[in-house]
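The structure under discussion appears below in the form of structure tokens.
Bear in mind the structure is a predicted one, so any value in this text is a computation, not a measurement. Atoms within each ligand, like the ligands themselves, are counted from 1 in listed order.
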Amino acid sequence: MKQKVRSKRKETSMAQREHWTSRFGFVLAAAGSAVGLGNIWKYPHMAGSNGGAAFTVVYLICIAIVGLPIVIGEFVIGRRTQLSPVGAFDTLAPASKWKYVGFLGVASAFVILSFYSVVGGWTLRYTFMALSGNFAELAGNSALSSETFEKFVSSSWNPVFWHLIFMGLCIAIILNGVKSGIERWSKIMMPLILAILVVLVVRGITLPGGMEGVKFLFLPKFSDLTASSIVLALGHAFFTLSLGMGTMITYGSYLERGQNLLSSSLWVVAVDTMIAMLAGVAIFTLVFAMGADPAEGPGLIFVVLPTVFPQMPGGVVWGTMFFFLLFMAALTSAISILEVVTAYFIDQRGWTRARATFIFGSVIGVVGLFCSLSLGGFTDFKTLFNLSFFDFLDYASSKYMLPIGGMLTAIFIMKKWGIPAFLTELHEGIEGKFRIPVRAALVLLSIAAFVVFMIILNEIWAVITGHPLVF
Ligand code: TRP
């Protein structure tokens, strides 16, 4: 009986499943998920504090050998099953425990969106600050800028207000579904992001001294590279490509058959990487031209840049463009995280989209509220490892949940689903004679899984013993 209900539900959801209107729409939506705070906020500050170009080289290698195979894997699982992660694993491996990998993904989505949306709120508030000329008093004064930022994030209602607006926008887009929500807004925002970025890059490299920033980013000095920055680059490859929690499975599940998934995946990865590089150039040319510190760390965007913009002619315009760009990038990523949760309740529980989006968007809004308050606005209660709730969610997801999810996905394809079946699905839509040999796929997926396993082990070891295993 239960089986019957379930298969009926599957039939209806298959029949009504929305699909992307075009390949272009799909690639933009998936690239929209990938391009986010990770590219514009995290990558530049990580490169800045880990030797610049040398870090970039390692990051690119990680993207190619670990990121790309798992992106392809997730898309293929999604398109094959036409279901979001829990249903997808359950269909390919019925009555097994593999569906818990899907549940882990849904849980990760909750965790990530709770803090991601808080930072999304910051970008919105900084856009308005830039627009209203409030950066002027911060010109060249990083102590004041840092104090302003700290005061804002650790106050109670101000950041919560912006977080709730940001979450509200996510809900509004996801309510409209795949075509008129996600795809439509990605088609509007992604080209805008690219256009603004190109303008900022041109502005940056034409500033006197700006080229120093480009050199810093692209001329490697391998002596600057430490082993721990390699681990960092790997973890980041995961985060920036939205891997390990079924985002790409979910987006893949809205694909009709017959599209060349190999080239679509390459496009998504290429756009993501290109935007990270452009963001790096835009930011470091400014930082070098204005004599600011490239190794500032996480404060690079919210602390250093507001001191730099007002020193340039037209600073209000540049500053507003930059933070608006950051806001849009965060929004196209945040919607992809919310869609994982929404799709689970639609596919597996038979809920309507409106109900799933409202209820879980609100729940995440409330969890995010505590996340924001944990930065000092309410109490400074600490969770495990003496981290604030905010840092704890970030830590738990990017160090454990995502890598574990990604590793299990790769293992699932090799051990449970089987590489031949996986390749059959991947090859559908690839014209001509090009076929990936089973052995090559096995080698690539094994390397990806092994490398991720090493990172997780290294982290666990470091927590237990106080110093990392290998690095
Ligand atoms: N990739 C996005 C970024 O770079 C963030 C993101 C969206 C994400 N969906 C995800 C990260 C899923 C991990 C998993 O900002």
Could you give the side-chain donor-acceptor pairs of residues 186-199 under 3.5 Å, partners two or more places apart or in another chain?
unit_1: Ser186; atom_1: OG; unit_2: Ile182; atom_2: O; d: 2.7
unit_1: Lys187; atom_1: NZ; unit_2: Glu183; atom_2: OE2; d: 3.0

Show me a pair-per-line table, with atom names and distances to 0.1 Å, of protein N or O atoms that are under 3.5 Å from an N or O of ligand 1.
unit_1: ligand 1; atom_1: 1 (N); unit_2: Ser33; atom_2: O; d: 3.3
unit_1: ligand 1; atom_1: 1 (N); unit_2: Ala34; atom_2: O; d: 3.0
unit_1: ligand 1; atom_1: 1 (N); unit_2: Phe239; atom_2: O; d: 2.9
unit_1: ligand 1; atom_1: 1 (N); unit_2: Thr240; atom_2: O; d: 3.2
unit_1: ligand 1; atom_1: 1 (N); unit_2: Ser242; atom_2: OG; d: 3.0
unit_1: ligand 1; atom_1: 4 (O); unit_2: Ala34; atom_2: O; d: 3.0
unit_1: ligand 1; atom_1: 4 (O); unit_2: Gly38; atom_2: N; d: 3.3
unit_1: ligand 1; atom_1: 4 (O); unit_2: Asn39; atom_2: OD1; d: 3.4
unit_1: ligand 1; atom_1: 9 (N); unit_2: Ser242; atom_2: OG; d: 3.3
unit_1: ligand 1; atom_1: 15 (O); unit_2: Leu37; atom_2: N; d: 3.1
unit_1: ligand 1; atom_1: 15 (O); unit_2: Gly38; atom_2: N; d: 2.8
unit_1: ligand 1; atom_1: 15 (O); unit_2: Tyr116; atom_2: OH; d: 2.6

Applying side-chain contact (heavy atoms from CB on, under 4.5 Å) to Ser336 and not counting sequence neighbours gives Ser33, Thr247, Tyr251
Donor-acceptor side-chain pairing of Ser398 and Asp394 below 3.5 angstrom | yes
Does a side-chain N-to-carboxylate-O contact under 4.0 Å join Arg353 and Glu339?
-> yes
Could you list the residues that satisfy side chain to side chain donor-acceptor pair (under 3.5 Å) with Arg184, not counting sequence neighbours?
-> none
With Arg349 as the cation and Tyr344 as the aromatic partner, state whether NZ or CZ is under 6.0 Å from the six-membered ring centre and within 45° of the axis.
-> no
